[in-house]
Amino acid sequence: MEKGALLYEGKAKRVYRTDDEKLFIVSYKDDATAFNGEKKGTITGKGVVNNRMSNMICQMLEEEGIETHFVKELNDRETVVKAVQIVPLEVIVRNVAAGSFSKRFGVEEGTVLKSPTLEYCLKDDALGDPMINEYHILALDIATEEELKAMSDLTFKINKILCAFFEQVGVKLIDFKIELGRVDGKIILADEISPDTCRFWDAETNKKLDKDRFRRDLGGVEEVYQEMLNRVTSRR
Ligand code: UDP
């Protein structure tokens, strides 16, 4: 597998073409940003944790019948993934109120929601990733009605599997963000699942084991990323 031209550089990853047009290589960086890029920093070892953890979770999801972009881990930071057309939406699932949801609706962080909920944000840094609803998505021709149904069904299914998985390692899955991609007429999971993109709370103590430690300057950032990788590794 030959690494080709840099296709895209994001805040936390680089994506390269390969000699196979159906495959890309993703390379995870230690760079961290929050609040739409306003806060910048480095979390040493984050790229390794996110690469390895995300790959283990993708393999676990595949075993549960969920198609993902994962193909093959190349090394600590790099993975071969399927080339997909990313649907430009952040799909956010919440089981427990936190972050922007708590702020927007005045619900205390930690409040268990009566049912899991889903929201979409438009992936557009210049606009600050605004929240968008299903009618907007249809009106702007971002996805079809069939795709919306496929995306929400897939996302809730992933939530169920992830909640059960993380429960086994003593972690509550508070909320998370995924991105979905189109390949061969299907919608598949096409981005990382890591402490950058999920809120993880220790089941016993509610200690935050995710990027909120960086966002909120809580300290021990590197340690909790490592701890999450260790917990996930212990189950795989
Ligand atoms: N999230 C993400 N990328 C984003 C925005 C949110 O991965 O650009 C994740 C975040 O880590 C959390 C969930 O989505 O697990 C919900 O985030 P929220 O809307 O509460 O935003 P925040 O409070 O992080 O600004």
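Order of appearance sets the numbers: ligands from 1, and atoms from 1 within every ligand.
Neither the backbone nor the side chain of I174 comes within 4.0 Å of ligand 1, counting heavy atoms alone. At a heavy-atom cutoff of 4.0 Å, ligand 1 is contacted by the side chain of R94 but not by its backbone. Residue contacts with ligand 1 for C198 involve N, CA, C or O but no side-chain atom from C-beta outward (heavy atoms, distance under 4.0 Å). In K211, neither the side chain nor the backbone holds a heavy atom less than 4.0 Å from any atom of ligand 1.
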- prompt: What's the verdict on salt bridge (charged side-chain N to carboxylate O under 4.0 Å, His left out) for K208 and D212, showing C-alpha distance, side-chain angles and the deciding distance?
  reply: CA-CA 7 Å; K208 293 178 177 31; D212 270 349; 5.4 Å; no
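A cation-pi arrangement is not found for K82 relative to F24, the charged atom failing to lie both closer than 6.0 Å to the ring centre and inside a 45° cone about the ring normal.
Considering backbone and side-chain atoms together, E119 places no N or O closer than 3.5 Å to any N or O of ligand 1.
Less than 4.0 angstrom separates atom 11 (O) of ligand 1 from at least one non-hydrogen atom of the protein.
Using a cutoff of 4.0 Å between basic side-chain nitrogens and carboxylate oxygens, D30 and K46 are not scored as salt-bridged.
Between L189 and L154 the shortest heavy-atom distance is N-CD2, 4.2 Å.
Heavy-atom separations between E90 and ligand 1 include at least one value shorter than 4.0 Å.
The closest non-hydrogen atom to atom 18 (P) of ligand 1, taken over S100, G99, A12, A98, comes from S100.
Within ligand 1, the atoms closer than 4.0 Å to a non-hydrogen atom of R199 are 12 (C), 15 (O), 16 (C), 17 (O), 18 (P), 20 (O), 22 (P), 23 (O), 24 (O), numbered from 1 in the order shown.
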